[in-house]
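Below you'll find the structure, written out as structure tokens, and then a few comments.
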Amino acid sequence: MHELAIAQSLLEIVEQEALPYSGARVTRVKLLIGKLSGVVPDALRFAFEVISQGGIAEGASLDIQEVPLRLRCHQCGEVFVVDDPFMTCPRCEGPEVEMVSGRELEIRSMEIDDGDQAGQGHP
């Protein structure tokens, strides 16, 4: 279960990014995870939930957007999504393809509640 190590790295990044907002709580982290990244989203959510307990990200939700495997054909330039183990171009049946997406593991954004009441009309 390498998701635990990934969750630990994710938590370290989130904590580092939240440092300028002392006393802040991380409420949401949005991730992009490619289909070929080898990450199981539910396992990552569970690992993150467990290791974030007692920290600034405790209770934060992980919004995971899965990115499909997309390939580009070298012969005709077609970009297509692959759902099966056959990686030939559906347009020209060319066998030479390159990966366009599908191995991502990115933090897209995070939301922090810094407790700032100024935005709500309080002094």
Side-chain angles (χ1 to χ4, degrees):
M1 183 170 149
H2 67 283
E3 282 80 2
L4 184 58
I6 294 169
Q8 184 63 48
S9 295
L10 173 62
L11 183 59
E12 289 170 11
I13 293 168
V14 165
E15 289 174 343
Q16 182 73 28
E17 292 298 318
L19 271 179
Y21 309 95
S22 64
R25 300 207 50 84
V26 176
T27 57
R28 178 182 296 188
V29 180
K30 293 183 179 181
L31 303 173
L32 288 181
I33 296 180
K35 186 173 183 174
L36 287 186
S37 67
V39 176
V40 177
D42 287 342
L44 181 60
R45 284 187 189 97
F46 176 74
F48 187 80
E49 180 182 331
V50 169
I51 66 169
S52 65
Q53 290 181 1
I56 64 168
E58 180 176 1
S61 65
L62 286 186
D63 290 349
I64 297 174
Q65 179 182 352
E66 294 185 73
V67 179
L69 172 60
R70 286 193 177 94
L71 302 176
R72 176 179 294 120
C73 177
H74 283 195
Q75 290 180 336
C76 70
E78 177 84 359
V79 176
F80 54 98
V81 174
V82 177
D83 289 325
D84 56 43
F86 304 107
M87 296 188 179
T88 57
C89 177
R91 184 173 174 196
C92 72
E93 298 184 3
E96 294 183 32
V97 294
E98 66 179 314
M99 187 179 305
V100 175
S101 67
R103 298 187 78 178
E104 296 86 350
L105 182 50
E106 300 176 13
I107 298 173
R108 295 293 288 185
S109 65
M110 57 187 271
E111 294 177 10
I112 298 173
D113 179 4
D114 64 358
D116 182 10
Q117 301 294 319
Q120 299 176 7
H122 300 283

For residues 34-59, tabulate all N or O donor-acceptor pairs below 3.5 Å that involve a side-chain atom, not counting sequence neighbours.
| residue | atom | partner | partner atom | Å |
| --- | --- | --- | --- | --- |
| Ser37 | OG | Gly34 | O | 2.7 |
| Ser37 | OG | Val39 | N | 3.3 |
| Asp42 | OD1 | Arg45 | NH1 | 3.0 |
| Arg45 | NE | Leu62 | O | 3.4 |
| Ser52 | OG | Phe48 | O | 2.8 |
| Ser52 | OG | Glu49 | O | 3.4 |
| Glu58 | OE1 | Gly54 | N | 2.8 |

Distance, nearest 0.5 Å, that separates NE2 of His2 from CG of Leu4: 11.0 Å

Value rounded to 0.5 Å, distance of CD1 in Ile33 from CD1 in Ile64: 4.0 Å

Listed once per pair and sorted, the salt bridge (Lys or Arg N to Asp or Glu O under 4.0 Å) pairs that draw on residues 10-20, sequence neighbours left out: none

Side-chain ([X]) to main-chain ([Y]) donor-acceptor, under 3.5 angstrom:
X      : Y      : answer
Glu104 : Gly102 : yes
Thr27  : Glu111 : yes
Ser109 : Val29  : no

Sequence-distant partners of Ser9, side-chain contact (heavy atoms from CB on, under 4.5 Å), two or more places apart: none

Contacts of Leu32 that satisfy side-chain contact (heavy atoms from CB on, under 4.5 Å) - sequence neighbours left out: Gln65, Val67, Glu106, Arg108

Full working for side-chain contact (heavy atoms from CB on, under 4.5 Å) between Arg28 and Asp63: CA-CA 7 Å; Arg28 178 182 296 188; Asp63 290 349; 3.0 Å; yes

Below 3.5 Å, can you tabulate the donor-acceptor pairs from side chains in residues 71-96 to any protein atom, sequence neighbours excluded?
| residue | atom | partner | partner atom | Å |
| --- | --- | --- | --- | --- |
| Glu78 | OE1 | Arg91 | NH1 | 3.3 |
| Asp84 | OD1 | Phe86 | N | 3.0 |

Flag side-chain contact, heavy atom, 4.5 Å: Val100 against Leu69: no

